[in-house]
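Chain A is the first sequence line, chain B the second, and so forth, proteins listed ahead of strands; every chain is numbered from 1.
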Amino acid sequence: MLSEKDPNHWRSAVKYSPFYNKIKEHDYVNEWHRWQEYTTATVLEDTTIEYFAIRNSASIFDITPMSKYRIKGPDALEFMNRLLPRDMTKIRVGRVAYTVWCDDEGMVIDDGTVFRIAEDEYLLCAQERQMEILRRNAVGFDISYSEVTDEIAAISFQGPVTCKILKNMGFKDVETMKMFDVRFFDFPGGEIMISRSGYTGDLGYEIWTKNDQAEPLWDAIYEGGKDYAIRPIGGDALEIARVEAGLIAAHVDFSPANETVRAGHAKSPYELGLGWLVKLDKGVAFNGRRALKKEKENGSRYRFVKLDVEGNKPAHNAYLFDKENGKNIGHVSSAAWAPSAKTNVGLGFVDMPYGEVGDEIWAEIYYQKELKWIKRWAKCTVVKDPAWSPPRKTLTPPEDF
Amino acid sequence: MTNTSNKSYDVIIVGGGHNGLVCAAYLAKAGKKVVVLEAQKQVGGAAVTSELSYGKKVSSCAHFLNQLNTIVSKDLNLTSHGLKLSASNISTIALHADGDHMHLTKNSVKGGGISESDAANYKKFMDLMHEYAGTLGFLIDLPPMDIFNLDWDDKVAAMKLGWKMRFGLGAEKMSEFLRMVGMNIRDVLDDEFDNEHLKGALSFDAVLGTHTGPYSPGNFLNFLYRIASGNNGAVDIPEGGMGAVTEAMSKAAIANGAEVRVGARVKSINVDNCAVIGVTLEDGEQLSAGIVASNANMKTTVYDMVGPRHFEADFVKRIGDIRMRGAAAKLHIALKELPEFTGLSKQDLKNRLVIAPTQNQVERAFNHVKYGEVSTSPMMEISIPSVVDSSLAENGHVLSATVQYAPYELKGGWTDQAKADFLEVCINRIAEFAPNIRDHIEHAEIITPKDLEDRFGLVGGNWHHGELTLDQMLMLRPVPEASRYALPLDGMYICGAGAHPGGGVMGAAGRNAAQAILKGDA
């Protein structure tokens, strides 16, 4: 592994995850891309097969490149409660919370997960780098914060048989973990952290270890799951799963507010369909509170919509219209044919007041057939629930196989 | 909050500096129940008169009255509350080592080897400056426009500004104004004049109280601001020193029904459920009010009194980023008798004496401060108020000087030795023009920018509570989110120099803040 201790580290701006060598063993097609500094698999063998590992057996996706921060100190709760719009007093030790965080204008900087490790300690996990955000938020709080991205190796372990495999590995009572629980388990080399969380809308766990535990963990998973068709996956398979589950992504569905310079190009939690995360009346001057209060009173500019799109052509980057050849009212930000739900899913944004659940709107879809562009009008229905949200996602204990 | 005392007010004003007192007077006049809480034993903030040595008093920080807002003065009837001038509309005398000094008034210049053409240009130039000041001056008395959400008053002000610029000034002067407004003073003066001595003296007015030298970008605006922000460019000396001005303001506030408490240091401004509920004093006493207006420094207010956690993070960051570097020290000398200044009569000494021989010398003096050093040959603005006001010195005289430049953070720190050394530098500098001054010195003190912070709460030693530069003026002062005096915290306002239109003993910020509070701006 190339590290900063390596005298030649400057020759390359690429980092290799502690799981890299293990993943590389499964690589047939050499499709990789850069995620933050890390090299990450796009596809290892075949996107469809990898996708079905998420839905039908067990998939391993390396999330080491996620930006990870440790926040610790007597004011940790107050700090998080000011940083985040959620009521963090409700997140007890041993729980994870999905959340967004905003700038003063109520625009979303990023979304991620917050792990309450101890009364006075949190782990914050995000897609984008957050050091500057933490730095400005820390003023006046008795906390310390540090980036631990390179110190914690992590995988997302998703699929219907993952609980069974963890049980086989000897993690006692893992099946009693509820959605968003986080627990520590004994493992050679020190405790490892397991949370019941993920980005697939399915049963799954995320496992957090020290770097030198990464390979032993990998081997242990393969040992515990040797009869369960485990498969490491690339980012393309995960992308299908997250769109099917109706989950948003930074830089795809929203532009992080701290990197967005054009007026009106950032979005608020309400506009991302995440109003449920915002607790205006929690009595804390959390970032964006005043702006979000105003937005709540005066109305939002955009509405996040989940679409059931007619036909089987994914509505990638499609404009949305109030009727066929009608007025442009928005666009699709993420689209995929959902293989398990067997629907054509679109996620996107329309101007208010369009796009209430049940409304019909139209997408102008462009696609290629042997390099020739074809346009098709597709009727879309605004739906309330994600295309994929099986009971097993939250069922506790999960099914035994 | 627990244990709120029964003392309840409509508005609590934190800090009894001149703006706090003015704000209180206006609010009390409008029927509000107001209390001003001043930490020191006397009101006035940085506009105070205090004892220098036995029987001698001096204005401790500000020492000339040249920007007092005429509306404030009239509305509060300060004259009837005891404000008197011991001299008004005094001249500036630019000192020259050879004794041929230059005498400057609002529109005339004599002596110092001035040529006829420079003298004529001076009148033309100053007339133009006063015309600019007349065009822009009204902005001082208004809250800055909210350009994102113009209300009716903003629209009127914008139209007035446009009208005054285009039809008051006329196209030619407006275009000349737009050419000049972003320039540095050195380029402006080099365009206009030949006489280095004149340019030195004028450039000093642009850099006074700033962290700039004549070559620094944008400080022509400071020169203009000095004229536009109050007394029409006239310099007065208040009887009894600057403390008498704030004393009159305090009396006006009390006469209107406000309560003024001294020795009442506010420890914290209290917040409950995202709204202000009152204050706690250092001795533990609690006072409640739905509105608190802080006349303290912005950083002190946000970081120390309210606490960063009661504001959103970007706002806290921006407050922390406000530039407030002071580079001026204050020199006070108690004199047994009046020293002789070569080439000046006793009567001349009531005027404003300036040591700023050439622009290059001012710039060189500034160079030091950039690297944490004091000027080895500093520039000065000197007042000997006892010439016209015997109440300041029972016998003998007091000299007060603003000295540039001295850094806030001196390399090696402001030790007693460093202060003594700098005091020597300053006295030697005056002795170049008044050779016998040492014979008359009873006592002398230097107040460094660090001392200004410690004594008057001027963070960074900057007497404007935030440098007055284009990026920290008008709707950008102190930061855009607080430019209309209301902070992004329900019930919390600012009323001091940190807000528009800035420092200098004007009272305009206090008046504007009172109006914002009465209007219910948030």
Side-chain angles (χ1 to χ4, degrees), chain A residues 71 73-85 87-89 101-110 130-143 145 256-260 263-264 266 268 278-294 297-298, chain B residues 1-2 146-149 151 267-277 290 292 294 296-322 459 475-476 478-493 520-522:
Chain A
I71 293 123
D75 283 349
L77 170 61
E78 285 78 7
F79 172 84
M80 298 308 278
N81 219 8
R82 197 282 214 104
L83 175 68
L84 309 170
D87 183 355
M88 295 307 290
T89 60
W101 45 99
C102 300
D103 64 10
D104 281 16
E105 286 161 32
M107 295 295 128
V108 171
I109 292 169
D110 204 353
Q130 303 299 332
M131 208 57 179
E132 163 57 22
I133 301 300
L134 295 177
R135 190 180 71 85
R136 65 175 59 184
N137 273 276
V139 175
F141 288 89
D142 186 2
I143 56 143
Y145 59 96
N258 55 336
E259 298 174 31
T260 304
S268 76
V278 182
K279 274 278 168 288
L280 287 175
D281 56 358
K282 67 176 175 170
V284 174
F286 66 88
N287 297 332
R289 184 187 73 97
R290 290 169 68 89
L292 292 172
K293 205 169 145 214
K294 240 182 234 165
E297 283 159 15
N298 303 334
Chain B
M1 285 290 138
T2 53
D146 181 352
I147 54 173
F148 292 102
N149 189 16
D151 64 16
K267 193 174 132 222
S268 66
I269 296 168
N270 303 329
V271 175
D272 186 40
N273 198 16
C274 303
V276 158
I277 55 164
V292 173
S294 175
N297 184 280
M298 271 308 283
K299 292 189 189 186
T300 313
T301 303
V302 169
Y303 281 64
D304 303 334
M305 289 175 168
V306 180
R309 69 182 59 191
H310 296 299
F311 295 97
E312 297 173 34
D314 295 341
F315 177 76
V316 172
K317 164 94 165 69
R318 275 172 212 149
I319 295 301
D321 287 347
I322 299 171
V459 174
M475 57 278 276
L476 302 175
V479 295
E481 297 80 359
S483 68
R484 305 266 272 196
Y485 307 94
L487 299 192
L489 166 63
D490 290 353
M492 188 68 217
Y493 291 80
D521 282 355

Checklist entry - How would you list, in number order, the residues of residues 74-84 of chain A that have a heavy atom less than 4.5 Å from chain B? => result Asp75(A), Glu78(A), Arg82(A)

Item to check | Contacts with chain B made by residues 102-109 of chain A (heavy-atom distance under 4.5 Å), listed by residue number | outcome: Asp103(A), Asp104(A)

Checklist outcome for this item: Residues at least two apart in sequence or cross-chain that pass ring pair (Phe, Tyr, Trp, His ring centres under 6.0 Å) with Tyr485(B), listed by chain then number, are none

Specify the closest pair of heavy atoms between [X] and [Y], including all atoms of both residues, with the distance to one decimal.
X	Y	value
Arg290(A)	Leu489(B)	NH1-N, 3.5 Å
Ala285(A)	Cys274(B)	N-SG, 3.6 Å
Pro308(B)	Gly140(A)	CG-CA, 3.8 Å

Next on the checklist: Does any backbone or side-chain atom of Tyr303(B) lie under 4.5 Å from a heavy atom of chain A? Answer side chain, backbone, both or neither.
Outcome noted: side chain

Item to check | Best-contacting candidate, Glu312(B), Arg309(B), His310(B), against chain A by heavy atom pairs under 4.5 angstrom | outcome: Glu312(B)

Checklist entry - Does atom NZ of Lys282(A) have more than 12 heavy-atom neighbours from other groups under 6.0 Å away? => result yes

Next on the checklist: According to salt bridge (Lys or Arg N to Asp or Glu O under 4.0 Å), does anything in residues 130-143 of chain A pair up with another residue at least two apart or in another chain? List the pairs.
Outcome noted: Glu132(A)-Arg135(A), Glu132(A)-Arg136(A), Arg136(A)-Asp314(B)

Next on the checklist: Determine whether a donor-acceptor pair (N or O, by modelled atom type, separation under 3.5 Å) exists between the side chain of Asn287(A) and the backbone of Ala313(B).
Outcome noted: yes

